[in-house]
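Remarks on the structure that follows.
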2 protein chains.
Amino acid sequence: MDSTVTIKDVAALAGVSVGTTSRVLSGNPSTSPAARERVHAAVAELGYRPDARARSLRSARSQTVGLLISDVRNPFFADVAHGAEQAALRSSYVTLLANANEDPKQQDTYLESFLTQRVDGIIIAPQGEESAHLRTLATTVPLVFVDRTVDGFEVPSVTSDNALGIDQAVAHLADRGHTRIGYIGGPRSISTGRARHDAFVRSVARHGLDTDPGLITSGDFRSASGAVAAERLLSGGQPPTALLAADSPMAVGALGALRRRGLRIGSDVDLVAFDDIEWFSELDPPLTVVSHDAQAMGSTAMRLLLDVIEGRTPESVVLPTRLVVRESSGGARRQA
Amino acid sequence: MDSTVTIKDVAALAGVSVGTTSRVLSGNPSTSPAARERVHAAVAELGYRPDARARSLRSARSQTVGLLISDVRNPFFADVAHGAEQAALRSSYVTLLANANEDPKQQDTYLESFLTQRVDGIIIAPQGEESAHLRTLATTVPLVFVDRTVDGFEVPSVTSDNALGIDQAVAHLADRGHTRIGYIGGPRSISTGRARHDAFVRSVARHGLDTDPGLITSGDFRSASGAVAAERLLSGGQPPTALLAADSPMAVGALGALRRRGLRIGSDVDLVAFDDIEWFSELDPPLTVVSHDAQAMGSTAMRLLLDVIEGRTPESVVLPTRLVVRESSGGARRQA
DNA sequence: CGTTTCCATGGAATCGTTTCCAAGGCGACC
DNA sequence: GGTCGCCTTGGAAACGATTCCATGGAAACG
């Protein structure tokens, strides 16, 4: 019932034309105080709510942005989404949140849907390598990458300083006397997977640690793959004395694998994760992490996107990382 | 560039009228094979994408539903959202996800925004008590409650069997010989907070356990409040030997509090949580939980909503819970 | 007092679709 | 062979807003 009230009904009740009503509602200065008053009274009485579809159809602005993330259930991306959404709200934009579910096909489905909804812009944490779809997208609508990038795109992005973060973790483990660090990386098809891997290789060499390629494994950024990778690293002839996981779900997987082997974390084996998650400090032992501010990443991405929408050409942003040492690499080491 | 292609351009290129083009695209059977072929060719050549706003403006169907949850960063709700979204996708609806952030004011902001977007329906995990806003909402647009309900609303809902779940947990702890169980509940302003509290009181009495009101505390469904509540329970003169938390973030908070007190979980004190979270089994010790299927809750809610949208009047659904015993209440108890 | 300027207003066009209506063409049936 | 009916089509109205354009009246200026 309520929702069938249109601007015509408001105009009729207020005794003015539709044009005048629209001007009053959009804050156009060419309106008399009398008209303003009567229109506002009519709006209140009828419970009128403008139709965003009609409005944006005519005005070519939908006040809507799309946010496409890899996996809502990954706490890191949930935080990113939260930050982006709050920033959008402050600029009175509505966020359409879509969940690619780490599946390039769903990613395309949602991008398609964003486009038919005529969003004013899109923030995306891209899946996999460059797709033709993404390519046409970039020329069609304002676009910003968040957390991940795709090579060859002139698109503003917000990322973490992966090289710094990995180096902080490696330096810390080297300080604790480790020479053989096992690395659990992400897929090479994702930019963060590549960046962190390359940083690890460089950092290990720089600190003069063991560069044995057998110390490097990779998973798919999900929990189960972390367990498999940890298992493989530890069952080698000369197992590492510390593990560095490239994201938090894989770190959790590795944690389980270590425990199942009966190893004590923080003394038998050190464990460090990239990504901080609220409850990591409640684990037993609390996990040492490379922390980066997911929420800030989201809000920054939204700021860049709004800049692009308004015609500016913002610079990409690289956010700093910070090492937070906890007990998983903070206790006394038990020497073999 | 791409996005300025309209149905007129397609019609012109295909050499047919706009009406015919529209009929072909919407699968109207009154079209000749020749017309179909030419229209589809033109669509492909121009990269045409229909404008969802114009379409829904005319057809009064937006193929869009709103999903308003309490907190995206709570893994339980992230799973609910995931389930709902996937179900919507299967019926080719788009989900607008909004995050009330456990704040009734933001809830209203988003509801307002859903309404101006003319969504076809809304799924909501309501905050706080009945608001006038919610009341008018229910008469305006198809509505479904998920996880939580509000008294006095004739609205279909999907909830967990809170009474069953709490009873499973209490029975399990009673079996293990506990007589004093500390309860960490949620706010009374939220239906799940009330239902679980009442179930706890009844269940404790039924099993002949200690009904000391000092054993009952409550938080706000967030982590920090769980720690505070656990602290208070344990610092009493006659502390409980087991703790039951009404949701997972509070359980995590309680876990931290127990550990800071130097208590061993599963032997000194048992801990059980309502809500299962993937990584609960990776904690040390793995947490005993009352498990309910958040994803099913989301997809069921979406099914109910689509039913309502299509004019049916579906029954509310109560999903079963299941006790999963792990080491936090599975080992040998250390008798005081 | 006449003319110009400005402000508020109403009416109409417009955005990109869907859908209704009228009509043309063609086969089929009597 | 004529009429009926079906199938397909084009044209136009409609959805609910914004915005352009023209107009009327009041204020200001000479």
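A, B, ... follow the sequence lines: proteins, then strands. Residue 1 opens every chain.
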Residue pair B/S59/B/V18 against DNA chain D: nearer the 5' end by closest nucleotide is B/V18
Under 4.0 angstrom, heavy atoms only, what part of the nucleic acid is B/P29 near: base, sugar-phosphate, or nothing? sugar-phosphate
B/Q63 atom CD is separated from C/dT18 atom P, nearest whole Å, by 12 Å
Select base, sugar-phosphate, or nothing to describe what B/S22 touches, counting heavy atoms under 4.0 Å on all strands. base
Separation of C/dC6 atom P from A/N28 atom CG, nearest Å, is 17 Å
Looking at A/D220 and A/R222, does any basic side-chain N land under 4.0 Å from a carboxylate oxygen?
no
Whole-Å distance, B/L57 CG to D/dA14 C1', equals 9 Å
For residues 32-41 of chain A, the side chain to side chain donor-acceptor pair (under 3.5 Å) pairs (sequence neighbours left out) are A/T31-A/R36
With a non-hydrogen cut-off below 4.0 angstrom, is A/S56 in contact with a base, only sugar-phosphate, or nothing? nothing
Between A/Q86 and B/Q106, is there a side-chain donor-acceptor contact under 3.5 Å, judged purely by atom types and distance? yes
Under a 4.0 Å heavy-atom criterion, the protein footprint on nucleotides 20-28 of chain D, written with B, S and -, is B--------
For DNA chain D, consecutive-pair runs of 3 or more (Watson-Crick or G-U wobble, both H-bond-type distances under 3.5 Å) give C:1-30 with D:1-30
Notebook entry, point to check: Do B/S299 and B/R90 have side-chain N/O donor and acceptor atoms under 3.5 Å apart?
Noted result: no
When rounded to whole Å, the CD to C1' distance for the pair B/Q117 and D/dG16 reads 14 Å
Sorted by chain and residue number, the salt bridge (Lys or Arg N to Asp or Glu O under 4.0 Å) partners of B/R23 (sequence neighbours excluded) come out as none
In whole angstroms, the gap separating C1' of C/dC15 from CZ of A/R118 amounts to 11 Å
Please tabulate, one pair per line, all N/O donor-acceptor pairs under 3.5 Å involving side-chain atoms of residues 301-308 of chain B, not counting sequence neighbours.
residue: B/D307; atom: OD1; partner: B/R312; partner atom: NE; Å: 3.2
residue: B/D307; atom: OD1; partner: B/R312; partner atom: NH2; Å: 2.8

Expected list for residues 35-45 of chain A near DNA chain D, using heavy atoms below 4.0 Å, is none
Rounded to whole Å, CG of B/L25 lies from P of C/dT18 at a distance of 7 Å
In whole angstroms, the gap separating P of D/dT18 from CZ of A/R53 amounts to 14 Å
Q. Mind checking whether A/S160 and A/M297 have side chains closer than 4.5 Å, heavy atoms only?
A. yes
Practice item. Would you classify B/S30 as touching base, sugar-phosphate or nothing, given that sugar-phosphate means primed atoms plus P, OP1 and OP2, and contacts are heavy atoms under 4.0 Å? Key: base
When rounded to whole Å, the CG to P distance for the pair B/D51 and D/dC15 reads 18 Å
Judged by nearest nucleotide, the residue sitting upstream toward the 5' end of DNA chain D, A/I7 or B/T20, is B/T20
